[in-house]
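First up is the structure itself, then whatever we jot down about it.
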Amino acid sequence: MPRTSPDAAVLIELEPVVAENLDRHIRMAKKWHPHDYVPWNEGRNFAFLGGEDWSPEQSRLDATAKAAMFVNLLTEDNLPSYHREIATRFGRDGAWGQWVGRWTAEEGRHGIALRDYLVVTRGVDPVELERARMDYMTTGYDSGDKTPLEAVAYVSFQELATRVSHRNTGRATGDPVADKLLARIATDENLHMIFYRNLVTAAFDIDPDATMAAVAREVMTFEMPGANMANFRRNSTIIAKAGIYDLRLHHDEVVSPILRTWKVFERSDLGPAGEQAREQLAAFLTGLDAEATRFVESRERLRARMAARGETPVQV
Ligand SMILES: [Fe+2]
Ligand SMILES: [Fe+2]
């Protein structure tokens with residue numbers, strides 16, 4: 001009889017949980033249509049069809065909202081890479097395959113809706129956007145050689161991070177239409193997070209040590225998928241300064257609540273390897289918390305200096 005690899009064994013053991021959570025997801029997910037969220041009456045032709053090309057004063061978004069929308073859309077755009085990542089790890093068969101298809105279809109409308117909104121309202125330069133999309137998608141996204149357990153742990157955090165980022169970007173636009181659209185997308189991301197989080201909960205019961213090691217590794221090496229897109233560092237600094245996504249939010253609203261749901265620091269079913277991973281995770285979180293505090297303090301000082309000069313700091 002052929003031996004089953006540990007990775008395949010995990011996927012097989014989790015399959016009934018995937019099936020159950022796919023049903024739950026489909027019951028919970030509400031239908032929505034990207035076209036409903038786009039103010040089409042603001043649209044007009046560009047020069048190619050006899051209209052006017054984009055210029056900065058046409059945008060109603062400030063520099064912060066532009067940066068956040070740009071990063072959020074490009075991140076969504078790289079869906080073919082993410083599809084490849086999860087299809088390779090989770091496979092095309094059975095409930096796993098059905099989830100991969102459903103998830104991909106839902107993610108597809110995020111990029112559609114954001115692009116339609118930005119092009120119709122002339123929120124960002126469509127030429128720069130297209131150039132960045134071509135570069136970012138051509139490079140692709142590679143999450144490294146994660147095991148299936150590491151992959152489900154990673155996406156649990158990543159979906160919640162995306163939810164927080166979309167939600168706060170909506171607020172930062174100051175535009176009720178964009179706010180409504182991004183809140184709608186954030187609701188999708190939240191359901192994705194719950195799906196993956198439930199799989200990890202089940203994995204903890206099946207193999208607590210291996211799951212703890214996977215979770216610790218993913219928290220300690222976490223990086224958003226957009227890290228290799230054009231101007232990511234500059235834009236993520238703008239996003240952090242405005243409080244759309246920063247280390248404090250990452251620690252308090254993404255990592256900590258998920259770890260609490262998994263009862264990571266209360267479990268009594270770990271062996272020596274799991275204990276060791278948990279201790280490393282605890283030490284890492286202490287450091288992350290301290291770093292988040294330092295970041296917020298320096299941001300407060302910056303905002304106070306700006307206020308003293310009569311400038312208005314952007315914050316959500
Ligand atoms: Fe998305
Ligand atoms: Fe998502």
Side-chain angles (χ1 to χ4, degrees), residues 18 21-22 24-38 68-87 89-90 96-118 129 132-133 136-137 140-141 143 146 151-173 178-200 218 222-227 229 232 235-236 239 244-245 249-250 253-255 257-258 261:
V18 173
N21 277 281
L22 178 61
R24 176 192 181 279
H25 178 84
I26 290 167
R27 274 198 318 275
M28 299 294 292
K30 291 200 176 63
K31 274 206 185 85
W32 67 278
H33 302 96
H35 71 265
D36 286 332
Y37 291 79
V38 178
M69 283 294 230
F70 185 85
V71 168
N72 289 12
L73 172 52
L74 284 182
T75 303
E76 295 286 351
D77 272 338
N78 231 346
L79 180 59
S81 269
Y82 316 138
H83 172 84
R84 187 170 60 218
E85 292 277 323
I86 70 165
R89 290 213 174 71
F90 302 155
W96 278 109
Q98 284 175 38
W99 167 255
V100 170
R102 170 77 191 209
W103 175 88
T104 305
E106 290 187 9
E107 290 292 349
R109 67 188 165 201
H110 298 170
I112 291 170
L114 287 172
R115 171 163 286 93
D116 285 348
Y117 168 83
L118 287 172
L129 189 62
R133 187 192 66 82
Y136 182 42
M137 286 183 76
Y141 167 75
S143 69
K146 292 188 197 306
V152 284
Y154 172 75
V155 287
S156 303
F157 297 113
Q158 199 270 331
E159 293 281 2
L160 186 52
T162 314
R163 177 207 183 185
V164 169
S165 172
H166 281 314
R167 193 71 198 84
N168 288 339
T169 296
R171 292 193 184 116
T173 61
D179 191 36
K180 205 181 272 183
L181 167 60
L182 283 153
R184 181 54 258 186
I185 295 175
T187 305
D188 277 6
E189 309 296 18
N190 196 48
L191 276 181
H192 298 161
M193 178 275 289
I194 292 169
F195 176 90
Y196 289 123
R197 194 185 64 189
N198 288 349
L199 295 196
V200 176
E218 294 313 310
F222 186 85
E223 199 174 52
M224 287 294 259
M229 74 173 63
F232 183 74
N235 285 336
S236 52
I239 287 165
I244 293 170
Y245 201 85
L249 291 167
H250 184 64
E253 294 192 20
V254 175
V255 175
I258 292 181
T261 305

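Both ligands and their constituent atoms are indexed starting at 1 by order of listing.
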### Message
Looking at I258, is its backbone amide N or carbonyl O close enough to the side chain of R197 to form a donor-acceptor pair, meaning the two atoms are under 3.5 Å apart?
### Response
no
### Query
Between the Fe ion (ligand 1) and D188, is there an N, O or S atom separated by less than 2.8 Å?
no
### Query
Taking atom CD of Q98 and atom CD1 of I26, what is their separation to the nearest 0.5 Å?
7.0 Å
### Query
Got an N, O or S from H166 under 2.8 Å of the Fe ion (ligand 1)?
no
### Query
In degrees, rounded to 10 degrees, what angle do E189 atom OE1 and E107 atom OE2 make at the Fe ion (ligand 2)?
110°
#### Entry: N, O or S atom within H110 nearest to the Fe ion (ligand 1), by name
ND1
### Residue that, paired with N190, satisfies side chain to side chain donor-acceptor pair (under 3.5 Å) out of R167, H166, R163
R163
### Query
Closest N/O/S atom of E159 to the Fe ion (ligand 2), by atom name?
OE1
### Query
Does any N, O or S atom of E76, backbone or side chain, fall under 2.8 Å from the Fe ion (ligand 1)?
yes
### Task
Describe, in one word, how the ring planes of W96 and F90 are oriented to each other, choosing from parallel (under 30°), tilted (30 to 60°) and perpendicular (over 60°).
tilted
### Query
Do T75 and Y141 touch side chain to side chain, with heavy atoms closer than 4.5 Å?
no
### Task
Check whether any N, O or S atom of H192, backbone or side chain, sits closer than 2.8 Å to the Fe ion (ligand 2).
yes
### Message
the Fe ion (ligand 2) and E106: any N/O/S contact shorter than 2.8 Å?
### Response
no
### Query
Is there side-chain contact between Y245 and V254, with at least one heavy-atom pair below 4.5 Å?
yes
